[in-house]
Trainee: 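Below you will find the structure I want to go over with you.
Computed from a prediction, not measured in an experiment: that's the story for all the values here.
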Amino acid sequence: MKIQIINGPNLNLLGQREPGIYGSSSFDDYLAVLRQRYPQVQIDYYQSNIEGELIDKMQQVGFGCDGIILNAGAYTHTSIALQDCIRSLTAPVVEVHISNVHQREPFRHKSFISCACKGVICGFGLDSYRLALEALIENTPDH
């Protein structure tokens with residue numbers, strides 16, 4: 001099984017950026033934990049602060065992998081282009097957020113990508129990625 005994790009803008013600063021909201025671990029540290037816990041899954045990782053690069057990556061992998069875990073960061077609340085991209089893929093996409101966006105500023109309550117995703121997980125810190133990974137594992141036809 002092959003899963004692609006894609007993180008959007010400012011998520012390269014995990015562990016440094018607002019630790020009260022996003023925690024104190026870097027994503028690389030958490031990714032090592034995920035890979036150790038799920039050795040049967042090839043987990044690839046990509047991060048970009050640029051919307052078009054996120055789209056390029058999803059188009060590159062979204063027809064050959066078993067699923068994408070996408071934390072689009074602030075683009076979640078602004079990008080119809082990401083929504084269109086997700087709709088074009090054959091791989092299921094799970095939208096993930098580290099914080100509970102519904103407990104935050106009102107502009108974060110609306111996602112432009114949720115309607116195109118298989119599911120949405122938010123509010124469980126970095127563990128949101130594990131929950132998304134398990135959902136993809138459990139909902140893959142070959143499982």
Side-chain angles (χ1 to χ4, degrees), residues 1-38 40-140 143:
M1 180 170 217
K2 184 175 180 179
I3 301 296
Q4 177 73 55
I5 297 174
I6 299 176
N7 275 343
N10 299 308
L11 292 165
N12 55 309
L13 297 178
L14 286 175
Q16 301 170 318
R17 173 187 178 208
E18 300 178 86
I21 295 173
Y22 299 104
S24 57
S25 294
S26 73
F27 196 80
D28 287 337
D29 290 343
Y30 184 72
L31 184 58
V33 170
L34 277 181
R35 286 177 172 154
Q36 183 177 13
R37 186 168 180 171
Y38 299 94
Q40 76 280 18
V41 180
Q42 178 182 330
I43 304 170
D44 295 326
Y45 177 61
Y46 179 79
Q47 187 278 329
S48 178
N49 293 320
I50 301 169
E51 182 180 24
E53 290 181 1
L54 298 173
I55 291 168
D56 287 346
K57 186 64 173 181
M58 285 194 295
Q59 289 178 354
Q60 177 188 15
V61 302
F63 297 95
C65 69
D66 297 297
I68 296 172
I69 298 169
L70 173 64
N71 184 339
Y75 290 135
T76 300
H77 318 291
T78 64
S79 182
I80 294 169
L82 282 174
Q83 180 193 125
D84 288 346
C85 177
I86 294 165
R87 288 186 188 283
S88 74
L89 306 175
T90 56
V93 177
V94 177
E95 176 184 346
V96 164
H97 300 284
I98 296 166
S99 67
N100 182 344
V101 293
H102 303 288
Q103 291 178 337
R104 298 185 63 194
E105 305 92 336
F107 72 86
R108 294 187 196 273
H109 298 181
K110 171 67 176 163
S111 168
F112 281 94
I113 64 172
S114 293
C115 62
C117 290
K118 173 90 173 162
V120 180
I121 298 173
C122 70
F124 295 97
L126 290 176
D127 207 33
S128 295
Y129 293 89
R130 179 189 60 81
L131 295 169
L133 180 59
E134 289 183 3
L136 287 168
I137 291 169
E138 292 298 320
N139 289 285
T140 298
H143 181 263

Trainee: So, taking the atom named CD in Gln4 and the one named CD1 in Ile43, what distance separates them when rounded to the nearest 0.5 Å?
Mentor: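 The CD atom of Gln4 sits 10.5 Å away from the CD1 atom of Ile43.
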Trainee: Walk me through it: do Gln47 and Asn49 pass the test side chain to side chain donor-acceptor pair (under 3.5 Å)?
Mentor: CA-CA 7 Å; Gln47 187 278 329; Asn49 293 320; 3.0 Å; yes
Trainee: Which atoms form the tightest heavy-atom contact between Ala132 and Val94, and what is the distance?
Mentor: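 Ala132 and Val94 have their closest heavy atoms at CB-CG1, 3.6 Å.
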Trainee: Hey, mind stepping through Cys115 and Arg87 against side-chain contact (heavy atoms from CB on, under 4.5 Å) and telling me if it holds?
Mentor: CA-CA 9 Å; Cys115 62; Arg87 288 186 188 283; 3.2 Å; yes
Trainee: Apply ring pair (Phe, Tyr, Trp, His ring centres under 6.0 Å) to Phe27 and list each qualifying residue two or more places apart in sequence or on a separate chain.
Mentor: Tyr45, Tyr129
Trainee: Can you check whether Phe112's main-chain N or O pairs, donor with acceptor, with Thr76's side chain at less than 3.5 Å?
Mentor: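 Looks like no, no N/O pair under 3.5 Å.
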Trainee: Could you check whether any side-chain heavy atom of Val41 comes within less than 4.5 Å of a side-chain heavy atom of Leu136, counting everything from C-beta outward?
Mentor: no
Trainee: A side-chain contact here means heavy atoms from C-beta on lying under 4.5 Å apart; do Phe63 and Leu89 qualify?
Mentor: yes
Trainee: Quick one: does Asn100's side chain have a donor or acceptor within less than 3.5 Å of a partner on Cys122's backbone?
Mentor: no
Trainee: Compare every heavy atom of Ala91 with every heavy atom of Cys65, then report the nearest pair and how far apart it is.
Mentor: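 Where Cys65 meets Ala91 most closely, the heavy atoms are O-CB, 3.7 Å.
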Trainee: With no hydrogens and no angle check, just 3.5 Å: does a side-chain donor-acceptor pair link Ser79 and Glu51?
Mentor: yes
Trainee: Under 3.5 Å, is there a donor-acceptor pair between the side chain of Ser128 and the main chain of His97?
Mentor: yes
Trainee: Measure across Leu54 and Asn7 and return the closest heavy-atom pair with its distance rounded to 0.1 Å.
Mentor: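 Result for this residue pair: CD2-O, 3.6 Å.
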Trainee: Is Glu134 salt-bridged to Arg130, going by a charged N under 4.0 Å from an acidic O?
Mentor: yes
Trainee: How far apart are the closest heavy atoms of Leu70 and Met58, and which atoms are they?
Mentor: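 Closest pair (atom of Leu70, atom of Met58, distance): CD2-SD, 4.0 Å.
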Trainee: Can you name the closest pair of heavy atoms from Ile50 and Ser48 and give their distance?
Mentor: N-OG, 3.0 Å
Trainee: Quick check for you: to the nearest 0.5 Å, what is the distance between Ile68 atom CD1 and Asp44 atom CG?
Mentor: 11.0 Å
Trainee: Could you grab the distance from atom CG of Leu11 to atom OG of Ser26, nearest 0.5 Å is fine?
Mentor: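 Here the rounded value is 12.5 Å.
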Trainee: Could you tell me the separation between the CD1 atom of Ile69 and the CG atom of Leu133, rounded to the nearest 0.5 Å?
Mentor: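 That separation rounds to 5.0 Å.
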Trainee: With the side chain counted from C-beta on, respond yes when Ile3 and Tyr38 share a heavy-atom pair under 4.5 Å apart, and no when they do not.
Mentor: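 In short, these two side chains do not touch, never coming nearer than 4.5 Å.
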Trainee: Starting at CD1 of Ile86, measure out to CD1 of Ile113 and round the result to the nearest 0.5 Å.
Mentor: 4.5 Å
Trainee: Is any side-chain heavy atom of Glu95 closer than 4.5 Å to one of Ser111?
Mentor: yes
Trainee: CD1/Ile98 to CG/Asp127 distance, rounded to the nearest 0.5 angstrom?
Mentor: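 The CG atom of Asp127 is 11.0 Å from CD1 of Ile98, to the nearest 0.5 Å.
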